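Because the structure is a prediction, the values reported are computed rather than measured.
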Amino acid sequence: ILTYGSFIIGFPGETAETVADSIRFIENSGIDFYSTKIWFLEPFSSIMTEKDKFKIRGSQYEWTHHTMNSKQACQIKDQAFLDVKNAIAIPDKLFHCQNALHLVSKGMRVETLKAFVNSFNKGIKDKIRGRSKNIRPQIAEEIRRHSIAAYKECTGYTGDDKDINRDYNKLSQPCREVVNVDFDLD
């Protein structure tokens, strides 16, 4: 059974300490995958009835309240992504949990999915750490290798790896997203 946790960072009242509790949960709970999202300040949400109590200002992804602001939440999200070791982050730019489950339902082994996402995450972590503006060749090769394995498992393809492009359009959209990684995160 695959497990997935979704976490929002920055809801009014949340502090760096409460986020640290969530990160400890991610690390220690045994979940396979997780994602973190920054709280989105919707002007008509019920929390806005208490905007004065929480000192909520701003809108959408540019906000502040009495315990945190959106810039801090983004920094915490990036740091959690760098620090968590016992669960695999599903990157926002790659696909969502539903896509991952779709790939498994199409025949991709869980181990292949985990290896692919971990490879992709290495490139993102390099970028966050400022090590590389572009993906390093060894990471690109690792992603390519896992993409080919994903393609084969999703399609049952048994031919030569160099012939994979010929059958590329037979894949469903989530499988194409795995094979055709867009690494431009700017």
Seminar exercise, completed: What one should report as the nearest heavy-atom pair of Met68 and Gly10 is SD-CA, 3.6 Å
Exercise. Roughly how far, to the nearest 0.5 Å, is the CD1 atom of Ile88 from the CG atom of Asn121?
Worked result: 8.0 Å
Exercise. Do Phe116 and Ile143 touch side chain to side chain, with heavy atoms closer than 4.5 Å?
Worked result: yes
Exercise. If you draw a 6.0 Å radius around NZ in Lys51, do more than 12 non-hydrogen atoms from other residues or ligands fall strictly inside?
Worked result: no
Problem set entry | Minimum-distance pair of heavy atoms, taken over all atoms of Glu142 and Lys122 | OE2-NZ, 3.0 Å
Problem set entry | Pairwise distance OG1(Thr36) to CD1(Ile76) - rounded to 0.5 angstrom | 10.5 Å
Exercise. Does the Thr155 side chain pair with the main chain of Tyr151, one donor and one acceptor, at a distance under 3.5 Å?
Worked result: yes
For this session: Give the minimum heavy-atom separation between Ile31 and Thr3, together with the two atoms involved.
Result: CA-OG1, 3.0 Å
Exercise. Is it true that atom CD1 of Ile8 has more than 12 heavy atoms of other residues, nucleotides or ligands lying nearer than 6.0 Å?
Worked result: no
Problem set entry | Within-4.5 Å side-chain heavy-atom neighbours: Gln72 and Asn69 | yes
Problem set entry | Side chain to side chain, Lys55 and His65, heavy atoms closer than 4.5 Å | no
Exercise. Do Ser70 and Thr64 have side chains that get closer than 4.5 Å, going by heavy atoms?
Worked result: no
Exercise. Which pair of non-hydrogen atoms, one from Ile38 and one from Ala73, has the smallest distance, and what is that distance?
Worked result: CD1-O, 3.4 Å
For this session: Please step through side chain to side chain contact (heavy atoms under 4.5 Å, CB included) for the pair Cys74 and Tyr61, ending with a clear verdict.
Result: CA-CA 10 Å; Cys74 288; Tyr61 288 113; over 6 Å; no
Exercise. Side chains of Ile139 and Asp126: does their closest heavy-atom pair fall under 4.5 Å?
Worked result: yes
Exercise. Does Asp52 offer a backbone N or O that forms a donor-acceptor pair with the side chain of His66 under 3.5 Å?
Worked result: no
For this session: Before accepting this row, confirm whether a basic side-chain N of the pair Lys85/Glu27 lies closer than 4.0 Å to the acidic partner's carboxylate O.
Result: no
Problem set entry | Test item: Thr112 side-chain N/O and Met108 main-chain N/O as donor-acceptor pair under 3.5 Å | no
For this session: Taking the side chain as every heavy atom from C-beta outward, state whether Phe81 and Ile128 have any pair of such atoms under 4.5 Å apart.
Result: yes
Exercise. Is atom CD of Glu62 surrounded by more than 12 heavy atoms (other residues, nucleotides or ligands) closer than 6.0 Å?
Worked result: no
For this session: For the residue pair Tyr34 and Val84, establish whether any side-chain heavy-atom pair is separated by less than 4.5 Å.
Result: yes
Exercise. Taking 4.0 angstrom as the limit, do Glu111 and Lys114 come out as a salt bridge?
Worked result: no
Exercise. Gln60 side chain to Leu41 main-chain N or O, any donor-acceptor pair under 3.5 Å?
Worked result: no
For this session: Quick one: pull up CD in Glu14 and OG in Ser22 and give me the separation to the nearest 0.5 Å.
Result: 5.5 Å
Seminar exercise, completed: Rounded to the nearest 0.5 Å, the CZ atom of Arg144 sits from the OG atom of Ser119 at a distance of 12.0 Å
Exercise. Should the pair Trp39 and Phe11 be assigned to parallel (<30°), tilted (30 to 60°) or perpendicular (>60°) ring geometry?
Worked result: perpendicular
For this session: Step by step, work out the side chain to side chain contact (heavy atoms under 4.5 Å, CB included) result for Trp63 and Ile56.
Result: CA-CA 7 Å; Trp63 48 262; Ile56 300 171; 5.6 Å; no
Exercise. Quick one: does Phe40's side chain get under 4.5 Å of Ser45's, heavy atoms only?
Worked result: no
Exercise. CZ of Arg24 to CG of Asn86: how many Å apart, nearest 0.5 Å?
Worked result: 14.0 Å
Exercise. Nearest 0.5 Å, what's the NZ-CG distance between Lys125 and Asp83?
Worked result: 8.5 Å
Exercise. Can Lys37 be said to sit on top of Phe7's aromatic six-ring, NZ or CZ under 6.0 Å from centre and within 45° of the ring axis?
Worked result: no
